[in-house]
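Since the model is a prediction, treat every value here as computed from it, not as a measurement. One-based numbering along the sequence shown.
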Amino acid sequence: MKLRYVLRKHVSHVELQKDGTTSIGIVVKAYGTMNGLRPCINSIKRGSIAYKSHCVAEGDVVVSVCGRDAKGMSKKEFKRFLNEARSKVDLKLEYEIKDACFSKGGIYRKDQMMVMLKKDLHSYGFVLRKNDLPHSGYPVVTNIREGGPADRDSRLKSGDRVLQIDELNLKWLSLSEVADILSERDEIKMVIEYTIALVENTQVRKGRGPT
């Protein structure tokens, strides 16, 4: 029985609220109509709306923007749709998460811990996702920003599930609602659930995906 890692793709619905002064802050790499590929997020400006949302990461593939299929969309078109959006920008983003699993069956157990973080430069230094359903269980950590509060704390890992923030149960909240909670607070206390895979006499923390 061996432990292996597989890449799984998911789609997350993100709502970015405009404030009239701060830029969305997303720069994409677009392949144009010739290849028929979707734009990929190349960089996110620090302090921007996307950066502060805790819902967008570099490397995400843009499935749609403001209801428009992004397949074959140019960089110029993407920017225009962002600018034309009035109060909010709706994005569907495809992301990957690396998950640990056994080749043949296996033993897993769940555990929990408490993590407290203080915001630094408008961010806690992690990215959260939920499936493309409004109420699809607990948000999952997929990215840890290097040098940010979560990275410095070192306990939070990609694949961890956030059950609570300051005693608020997140199971039935949309990703947008969770993002609002993070935006409103400068310090948070989270209940984190993670999965451990038992391999012979060794415990392996599951979900060690891209950071």
(message) Could you measure the distance from the CG atom of D90 to the CZ atom of R68? Nearest 0.5 Å is fine.
(response) 11.0 Å
(request) Please say which of R80, R86, K88 ends up in a salt bridge (Lys or Arg N to Asp or Glu O under 4.0 Å) with E84. (result) R80
(message) Do M114 and K189 have side chains that approach each other closer than 4.5 Å (heavy atoms only, starting at C-beta)?
(response) yes
(request) May I ask you to decide if A50's main-chain N or O and S53's side chain share a donor-acceptor pair within less than 3.5 Å? (result) yes
(message) In this structure, would V61 and I24 fall into the same cluster of hydrophobic residues linked by side-chain contacts under 4.5 Å?
(response) no
(message) Rounded to the nearest 0.5 Å, what separates atom OG in S174 from atom CD in E15?
(response) 6.5 Å
(request) Answer yes when D153 and R155 have at least one side-chain N-carboxylate O distance shorter than 4.0 Å, and no when they do not. (result) yes
(request) Provide the full list of ring-ring contact (aromatic ring centres under 6.0 Å, His included) pairs with a residue in residues 41-62, sequence neighbours left out, each pair given once. (result) H54-Y124, H54-F126
(message) Using side-chain heavy atoms (C-beta onward) and a distance below 4.5 Å, is I188 in contact with M116?
(response) no
(request) Indicate yes or no: at least one non-hydrogen side-chain atom of V162 is less than 4.5 angstrom from one of I192. (result) yes
(request) Would you check if V140 and L128 make a side-chain contact, meaning some heavy-atom pair closer than 4.5 Å? (result) no
(message) Is the shortest side-chain heavy-atom distance between I44 and V27 below 4.5 Å?
(response) no
(request) Would you indicate whether the side-chain heavy atoms of V56 and V127 approach each other to under 4.5 Å? (result) no
(request) Answer with yes or no whether the hydrophobic clustering places I165 together with L173; edges join I, L, V, M, F, W, Y residues whose side-chain heavy atoms lie under 4.5 Å apart. (result) yes
(message) Before you tell me yes or no, could you show the steps for C66 and V89 under side-chain contact (heavy atoms from CB on, under 4.5 Å), namely the whole-Å CA-CA distance, both residues' side-chain angles and the distance that decides it to 0.1 Å?
(response) CA-CA 6 Å; C66 300; V89 174; 4.2 Å; yes
(request) Calculate, to the nearest 0.5 Å, the distance between atoms CD and CG belonging to E146 and D151 respectively. (result) 6.5 Å
(request) Taking the side chain as every heavy atom from C-beta outward, state whether V141 and N143 have any atom pair closer than 4.5 Å. (result) no
(message) Minimum heavy-atom separation for P39 and A70, please, with both atom names.
(response) CD-O, 3.2 Å
(request) Check whether any side-chain N or O of K119 sits under 3.5 Å from a backbone N or O of L182 as a donor-acceptor pair, and report yes or no. (result) yes
(message) What I want to find out is whether R185 reaches D166 closely enough, with some N-O distance under 4.0 Å, to be called a salt bridge.
(response) yes
(request) Grab the two heavy atoms, one from N42 and one from K29, that are nearest each other, plus how far apart they are. (result) CB-N, 4.0 Å
(message) Walk me through whether L175 and S12 qualify under side-chain contact (heavy atoms from CB on, under 4.5 Å).
(response) CA-CA 8 Å; L175 185 60; S12 184; 3.2 Å; yes
(request) Could you grab the distance from atom NE2 of H122 to atom NZ of K52, nearest 0.5 Å is fine? (result) 5.5 Å
(request) Indicate the atoms forming the closest heavy-atom contact of E77 with S74, along with that distance. (result) OE1-N, 2.9 Å
(request) Nearest 0.5 Å please: distance from the OH atom of Y95 over to the OG1 atom of T142. (result) 6.5 Å
(message) With a 3.5 Å distance limit and no angle check, can you tell me whether S48 reaches the backbone of K45 through a side-chain donor-acceptor pair?
(response) yes
(message) Could you walk me through whether M73 and V62 satisfy the side-chain contact (heavy atoms from CB on, under 4.5 Å) test, starting with their C-alpha distance in whole Å, then the side-chain angles of each, then the deciding distance to 0.1 Å, before giving a yes or no?
(response) CA-CA 9 Å; M73 187 177 290; V62 182; 5.9 Å; no
(message) If you compare all heavy atoms of R38 against all heavy atoms of V63, which two are closest, and at what distance to 0.1 Å?
(response) NE-O, 3.3 Å
(message) Looking at K118 and D120, is there a salt bridge between them, counting it only when a charged N and a carboxylate O are closer than 4.0 Å?
(response) no
(request) Treat each ILVMFWY residue as a node, draw an edge where side-chain heavy atoms are under 4.5 Å apart, and state whether L121 and I144 are in one component. (result) no
(message) Any carboxylate oxygen within less than 4.0 angstrom of a Lys/Arg side-chain nitrogen, looking at D60 and R129?
(response) yes
(request) Any chance you could measure C55, atom SG, to L16, atom CG, to the nearest 0.5 Å? (result) 7.5 Å
(message) We want to know whether T195 and R161 form a side-chain donor-acceptor pair, criterion being a heavy-atom distance below 3.5 angstrom.
(response) yes
(message) Less than 4.5 Å apart, side chain to side chain, heavy atoms only: is that true for Q112 and V191?
(response) yes
(message) Just checking R152: does its CZ atom have more than 12 heavy atoms from other residues, nucleotides or ligands closer to it than 6.0 angstrom?
(response) yes
(request) For the pair S183 and I181, evaluate side-chain contact (heavy atoms from CB on, under 4.5 Å) and give the outcome as yes or no after the intermediate values. (result) CA-CA 5 Å; S183 176; I181 293 172; over 6 Å; no
(message) Any side-chain to backbone donor/acceptor pair from S64 onto G67? Under 3.5 Å, distance only.
(response) no
(message) I need the minimum non-hydrogen distance between L117 and P149, along with the two atoms involved.
(response) CD2-O, 3.7 Å
(message) Using every non-hydrogen atom in the two residues, find where L91 and F78 come nearest and quote the distance to one decimal.
(response) CD2-CE1, 4.3 Å
(message) Could you check whether any side-chain N or O of K130 sits under 3.5 Å from a backbone N or O of G137, counting only pairs where one atom can act as donor and the other as acceptor?
(response) yes
(request) Answer yes or no: is there a donor N or O on one side and an acceptor on the other, between the side chain of K18 and the main chain of L82, under 3.5 Å? (result) yes
